[in-house]
Amino acid sequence: MQKGESFEKEVRYLIEEEIKEGYLGIDPNQIKVFHHKSYYSKDRDKSIIMDVSVEIYRKNSVEPYLVWVWECKDYSRLIPVDDIEEFHAKLEQIGLHKTKGTIISRNGFQEKAIKYAESKGISLARVVPPGSIHRLNEYVVPITKENIAFGLSQSDTRQLDFMFYGLSTSGQGAVSFQDFFLLEIKMTEYSLVDSGS
């Protein structure tokens, strides 16, 4: 349990640092980051506790227009599709219309898990543990969907080129936490404009 909670706190810290540095183009006063916040589920008639959540508010609003939930997985194995299905069910229960979901892992995802997450609009991210990559790049690796999927699913870290891999809900890839966060925020803003929110 301590290992998982430590990773959750690390993810919260990464998010808070991006907000504090102002890289996201959002007023830090309009974002709140939580560790173990609970959200009500009508289906369960009780609350579901989420690992990390980010609530983004419009100016002068008391209700968030977006709740971005982060499930943190610090397994020693690849994340199976069952975990993605369970997370999707939680997102539906707490309010899919204003909820975005990301599963972040240290050790990657099974290929079926990646496909399922894409089909359900769940973004995936992987933070490779420090010291796990043992080679230097003498070439530029293109950031393609295939390379991101490889980085998300490769259990042998000696085969990886980056310390971070992210696959956004739009299918775009990122190799830095900042770029991943920006991709997801941008997609949220576009979807809110398209839906007339």
Side-chain angles (χ1 to χ4, degrees), residues 1-21 23-24 26 28 30-41 47-57 64-75 78-110 113-114 116-118 120-129 148 151-153 163-189 191:
M1 196 64 147
Q2 286 181 333
K3 180 179 164 185
E5 189 157 335
S6 174
F7 186 46
E8 293 165 7
K9 288 178 179 177
E10 180 183 333
V11 169
R12 179 181 179 177
Y13 174 79
L14 287 169
I15 294 168
E16 288 175 333
E17 283 301 297
E18 291 299 316
I19 294 166
K20 187 170 72 175
E21 293 298 324
Y23 295 135
L24 305 177
I26 299 173
Q30 292 176 253
I31 301 179
K32 296 179 183 176
V33 183
F34 300 96
H35 180 235
H36 286 180
K37 183 168 182 181
S38 59
Y39 294 90
Y40 181 72
S41 162
S47 294
I48 300 173
I49 297 172
M50 297 301 187
D51 293 345
V52 177
S53 56
V54 179
E55 295 181 357
I56 304 175
Y57 296 78
Y65 74 85
L66 175 68
V67 177
W68 187 358
V69 178
W70 294 68
E71 183 94 354
C72 306
K73 302 287 187 188
D74 195 8
Y75 295 174
L78 298 175
I79 307 302
V81 68
D82 298 2
D83 285 22
I84 313 296
E85 290 172 334
E86 183 182 322
F87 183 60
H88 181 257
K90 288 179 183 178
L91 291 176
E92 287 185 321
Q93 290 178 55
I94 65 169
L96 199 59
H97 66 283
K98 67 174 184 178
T99 306
K100 174 185 273 304
T102 297
I103 298 182
I104 187 166
S105 164
R106 284 202 196 278
N107 293 305
F109 303 85
Q110 293 177 358
I114 295 170
Y116 185 81
E118 280 188 280
K120 296 301 181 185
I122 295 171
S123 57
L124 302 176
R126 180 181 187 184
V127 178
V128 180
I148 295 298
L152 287 172
S153 63
M163 298 298 291
F164 180 89
Y165 291 86
L167 185 61
S168 73
T169 53
S170 67
Q172 293 177 285
V175 292
S176 76
F177 191 80
Q178 179 184 356
D179 289 346
F180 175 75
F181 209 100
L182 285 169
L183 279 173
E184 286 300 298
I185 292 293
K186 192 182 304 181
M187 283 308 302
T188 300
E189 289 170 355
S191 67

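Being a predicted model, the structure only gives us computed values, none of them experimental.
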Exercise. Could you pull out the closest heavy-atom pair between Ser41 and Gln93, with the gap in Å?
Key: OG-OE1, 2.7 Å
Quiz prompt | Heavy-atom side-chain contact between Ile104 and Cys72 under 4.5 Å | solution = yes
Quiz item: How long is the span from the CD1 atom in Ile15 to the CD atom in Glu17, to the nearest 0.5 Å?
Solution: 11.5 Å
Quiz item: Looking only at side chains, do Gln178 and Ser176 share a donor and an acceptor under 3.5 Å apart?
Solution: no
Exercise. For side-chain contact (heavy atoms from CB on, under 4.5 Å), just list the numbers for Asp51 and Phe7, CA-CA rounded to whole Å, side-chain angles, deciding distance to a tenth of an Å, and then say yes or no.
Key: CA-CA 10 Å; Asp51 293 345; Phe7 186 46; over 6 Å; no
Practice problem: For Glu85, enumerate each residue passing the salt bridge (charged side-chain N to carboxylate O under 4.0 Å, His left out) test, keeping only those at least two apart in sequence or located in another chain. | Solution: none
Quiz item: Around Tyr13, counting heavy atoms of other residues, nucleotides and ligands shown, do more than 12 lie under 6.0 Å from its OH?
Solution: no
Practice problem: May I ask you to test the Phe109-Ser153 pair for a side-chain heavy-atom distance under 4.5 Å? | Solution: no
Self-check item: Partners passing ring pair (Phe, Tyr, Trp, His ring centres under 6.0 Å) against Tyr39 (at least two apart in sequence or in another chain)
Solution: none
Exercise. Kindly determine whether Val69 and Lys90 satisfy side-chain contact (heavy atoms from CB on, under 4.5 Å), including the steps that lead there.
Key: CA-CA 10 Å; Val69 178; Lys90 288 179 183 178; over 6 Å; no
Quiz item: Are side-chain heavy atoms of Val175 and Ile148 found at a separation under 4.5 Å?
Solution: yes
Exercise. For the residue pair Trp68 and Phe181, categorise the inter-ring angle as parallel (less than 30°), tilted (30 to 60°) or perpendicular (more than 60°).
Key: tilted
Quiz item: Got a second to check how far Leu91's CG is from Lys100's NZ, nearest 0.5 Å?
Solution: 10.5 Å
Self-check item: Flag side-chain contact, heavy atom, 4.5 Å: Tyr116 against His88
Solution: yes
Practice problem: List for me each residue that meets salt bridge (charged side-chain N to carboxylate O under 4.0 Å, His left out) alongside Lys9, sequence neighbours excluded, and say none if there are none. | Solution: Glu5
Quiz prompt | Rounded distance [0.5 Å steps], OG in Ser123 versus CG in Leu183 | solution = 10.0 Å
Self-check item: Side-chain heavy-atom pair Leu124, Tyr165 within 4.5 angstrom cut-off
Solution: no
Exercise. Just jot down the side-chain contact (heavy atoms from CB on, under 4.5 Å) partners of Leu78, sequence neighbours excluded, or say none.
Key: Gln110, Ser155
Quiz item: Once you round to the nearest 0.5 Å, how far does CZ of Phe87 lie from CH2 of Trp70?
Solution: 10.0 Å
Quiz item: If you round to the nearest 0.5 Å, how far is NZ of Lys120 from CD of Glu92?
Solution: 7.0 Å
Quiz item: Which residues pass the salt bridge (charged side-chain N to carboxylate O under 4.0 Å, His left out) test with Lys73, sequence neighbours left out?
Solution: Glu71, Asp83
Quiz item: Under the 3.5 angstrom rule, does the side chain of Glu184 hit a backbone N or O of Thr169 as a donor-acceptor pair?
Solution: yes
Quiz prompt | 4.5 Å side-chain heavy-atom contact, Ile84 and Ile122 | solution = yes
Self-check item: Set of salt bridge (charged side-chain N to carboxylate O under 4.0 Å, His left out) partners for Asp179, sequence neighbours left out
Solution: none
Exercise. Could you point out which residue of Lys37, Lys32, Gln30 forms a side-chain hydrogen bond (donor to acceptor under 3.5 Å, both in side chains) with Glu55?
Key: Lys37
Self-check item: Chi angles and distances behind the side-chain contact (heavy atoms from CB on, under 4.5 Å) call for Val67, Met50
Solution: CA-CA 11 Å; Val67 177; Met50 297 301 187; over 6 Å; no
Quiz item: With no hydrogens and no angle check, is any side-chain donor or acceptor of Arg106 less than 3.5 Å from a backbone partner on Val128?
Solution: no
Quiz item: Say you draw a straight line from CD1 of Ile103 to CD of Glu86; how long is it, rounded to the nearest 0.5 Å?
Solution: 9.0 Å
